[in-house]
Amino acid sequence: MKLAAAAQMRELDRKAIEERKIPSIDLMERAAEEVAQAALDALPDKPSKCRAAVFCGAGNNGGDGAGAARLLFLMGLKVRVFLVGDYSRLTPDAMEETGRLSECGVELEDFRPEDASQAAWARGCQVVIDAVFGVGLSREIAPGSRFAAAVDLINSCKGTVVAADIASGVEADTGRVLGRAVRADRTVTFSLPKIGQAAGDGALLSGKVTVHDIGIPAALVREVSCPVQTVEADFARAALPPRKPDGHKGDFGKVLVVGGAVGYTGAPYLTASAAVRSGCGLAYLGVPESIWEIEAVRCASAMPFPLADRRGKLSRRALPELLERLEGCDVLALGPGLGRGESVRQLVLEVLRQTEKPVVLDADGINALEGHIDSLDSRRGRVTILTPHGGEFARIGKGLAGDPAGTARAFAREHGCVLVLKGRRTVTAGPEGNVLVNTTGNSGLAKGGSGDVLTGLIASLLAQGASPVMAAAGAVWMHGRAGDLAAQALTEYCVTPEDVIAAFPRVFSELQGNQS
């Protein structure tokens, strides 16, 4: 699904109003209807027994709120509407909606943070509508301001909070919190979802997001070109490489996993296990000689072999055999459990420099780039997929600044790689500027070993023939979906990386349309 930026939404509105001659007040009325309906759907009892508080700003978002308040009043709710802002700055359409509200007998009240009766009313409401700021907000909400007090009051209410278009305080283009933000239970957004509702903190603050048509022609909406999109099941289905009915193991890709150290024997095993379970024909596992026997006993499907080590970690002396083994493989997954140290760092940098094969770089493989990002740049034109979490990303010199999608996009373009920036809503960015925001997963995946499983899945899809971006973003969705299925059966507390791998068959069956 396409994710729009604020400027794109402004342009879409302009085209609808100026080029297609659709009255702006008609668009606002449609928006108000959708917000009001969402509020009605949230009521625990019949409207006549419920009450609503509506917080409006002076812009068009406030007009949506005023229109929704009128409709709720006409449906029988007891409604109070609070203006958070300056009455003299109401937009023409917001002023029109305020007038219509007044004609029904409901007046716009100035919001006064010190007024205990207003706060008591809001906290006693079954539904609260946030229509203070729309997608145009780009500055922080000042501490101690009326706007900050309104956000805090809304967040203290027990009733269902419905945000009109976007939760106030969330930056539409990034998901960054501008000082403070409303925690919505539901966001009713218009025409297209916004980047900030799927990425960053905004994904957590938006609640359930639903997209509604307010009368902007569908052709105009289709014309909007969005480099940022969400990953849904259809995308993951397209990322799943087809299997030849008469294929043999050599037809489905060969993955070489290199990693592990004394004390970190589980990580490379999980990566190799995930690669095998997700369809690659052959998986090899290169580990330090010190732990080879452990892996040999553990592995049934992947094929482990020893590499030269030093003090329980891979040594640079392992390079010749590693590269020789890699010649017979399609993809290298490098880094799980590798450990840190000068010898390990040199090995990683030399592998990146010398091999032409696609590399999925994870964990300590990424850490080896600290201070040596030029080694990544030297691979421009070759396939390199990085899978850092926030801490690893910071070590290679990049901070998120509250904008994971924008940051990932800039990094991938600058360094000519595919970046899988892991988090609550993992973001995959390609070197051509496309960004894909994941929609699956839960806190059960926030455990050691989960990233190792993802690395193996990405490498497997890549080895089977998926394009780098499709393999990366598709694997993230499948990994998250497997985590969701595991959590349904075991709870988020009890999910282990092994449980995620065990759920792969159900995920692949769903994608193939074989659900029972």
Side-chain angles (χ1 to χ4, degrees), residues 1 155 158 160-161 167 170 175 177 181 183-187 193 196-210 230-233 235-237 239 264 266-267 269-271 273-275 277-278 336-337 362-363 387-393 400 404-405 408 420-428 436-458 460 472-511 515-516:
M1 183 181 293
N155 286 340
K158 294 181 180 179
T160 300
V161 176
V170 171
V177 172
R183 293 189 300 270
D185 297 300
R186 180 171 177 181
T187 297
Q197 292 162 346
D201 290 333
L204 295 174
L205 294 167
S206 299
K208 179 182 179 182
V209 179
T210 53
T230 57
V231 180
E232 312 286 348
F235 182 99
R237 188 172 293 110
Y264 297 95
Y269 167 74
L270 287 170
T271 300
S273 298
R277 178 61 85 177
S278 54
D362 184 34
T387 63
H389 56 58
E392 291 161 348
F393 193 59
L400 299 182
V420 178
L421 188 53
K422 294 183 290 194
R424 168 64 180 82
R425 287 289 184 91
T426 294
V427 172
T428 301
L436 295 154
V437 182
N438 192 46
T439 56
T440 58
N442 60 79
S443 68
L445 296 174
K447 292 177 181 174
S450 181
D452 304 315
V453 173
L454 175 61
T455 296
L457 179 52
I458 294 172
S460 176
V476 171
W477 189 95
M478 295 175 202
H479 180 256
R481 177 60 180 155
D484 290 339
L485 291 172
Q488 287 173 15
L490 303 167
T491 76
E492 294 179 15
Y493 293 94
C494 300
V495 172
T496 67
E498 293 90 340
D499 296 324
V500 175
I501 295 173
F504 280 4
R506 287 185 62 193
V507 174
F508 282 48
S509 183
E510 286 180 353
L511 293 177
Q515 296 165 275
S516 58

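No experiment lies behind these values; they were computed from the predicted model shown.
A side-chain donor-acceptor contact under 3.5 Å links His479 to the backbone of Ser450. Proximity of a side-chain donor or acceptor of Arg183 to a complementary backbone N or O of Asn155 within less than 3.5 Å is detected. Judged by distance alone, the side chain of Glu392 and the main-chain N or O of His389 form a donor-acceptor pair under 3.5 Å. At distances below 3.5 Å, not a single donor-acceptor pair connects side-chain atoms of Asn438 with backbone N or O atoms of Gly474. Formation of a donor-acceptor pair under 3.5 Å by the Ser509 side chain with backbone atoms of Pro505 is not found in this model. In this structure, Thr426 contributes its side chain and Gly423 its backbone to a donor-acceptor pair below 3.5 Å. Of the possible polar contacts, one joining the Thr187 side chain to the Ser206 backbone as a donor-acceptor pair under 3.5 Å is found.
Within a 6.0 Å radius of CZ in Phe393, other residues, nucleotides and ligands contribute more than 12 heavy atoms.
Partners of Ala233 according to the side-chain contact (heavy atoms from CB on, under 4.5 Å) rule, which considers only residues two or more places apart in sequence or in another chain, are Arg237, Trp477. A search for side chain to side chain donor-acceptor pair (under 3.5 Å) contacts involving Ser278 returns Ser460, not counting sequence neighbours. Residues satisfying the ring pair (Phe, Tyr, Trp, His ring centres under 6.0 Å) criterion with Phe235, sequence neighbours excluded, are absent altogether. Remark: Asp499 engages Thr496 in a side chain to side chain donor-acceptor pair (under 3.5 Å) (not counting sequence neighbours). Every residue two or more places apart in sequence or in another chain that forms a side chain to side chain donor-acceptor pair (under 3.5 Å) with Arg186 is listed here: Thr210. A search for side chain to side chain donor-acceptor pair (under 3.5 Å) contacts involving Arg424 returns nothing, not counting sequence neighbours. In this structure, the salt bridge (Lys or Arg N to Asp or Glu O under 4.0 Å) partners of Asp362, at least two apart in sequence or on a different chain, are Lys422. By the side-chain contact (heavy atoms from CB on, under 4.5 Å) test, Leu270 is found to be paired with Asp452, Val453, Pro497, Glu498, Ile501, residues two or more places apart in sequence or in another chain being considered. Under the side-chain contact (heavy atoms from CB on, under 4.5 Å) criterion, Ala487 pairs with Asn442, Glu492, Val495, not counting sequence neighbours. Listed by chain and number, the residues in a side-chain contact (heavy atoms from CB on, under 4.5 Å) with Thr230 are Met1, Leu3, Ala198, Glu232, Thr439 (sequence neighbours excluded).
Residue Ala274 comes nearest to Phe504 through the heavy atom pair O-CE2, 3.9 Å, listed as atom of the first residue, atom of the second, then distance. Residues Ala473 and Leu436 come closest through the heavy atom pair CB-CD1, 3.6 Å. Contact detail for Gly202 and Val170: the closest heavy-atom pair is CA-CG1, 3.8 Å. Looking at every heavy atom in both residues, Thr455 comes nearest to Pro336 through CG2-CG, 4.5 Å. Minimum heavy-atom separation, Gly441 to Leu445: CA-CD1, 3.9 Å. Minimum interatomic distance between Pro404 and Gly200 (heavy atoms only, all atoms of both residues): CG-N, 3.6 Å.
Note that CG of Leu205 and CG of Asp185 are 11.0 Å apart. Values are rounded to the nearest 0.5 Å. Note that the CG atom of Leu204 and the CZ atom of Arg425 stand 8.0 Å from one another [nearest 0.5 Å].
When each of Val420, Val427, Val437 is checked for a side chain to side chain contact (heavy atoms under 4.5 Å, CB included) with Val476, only Val420 meets the rule.
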Derivation of the side-chain contact (heavy atoms from CB on, under 4.5 Å) call for Arg481 and Glu510: CA-CA 10 Å; Arg481 177 60 180 155; Glu510 286 180 353; 2.8 Å; yes
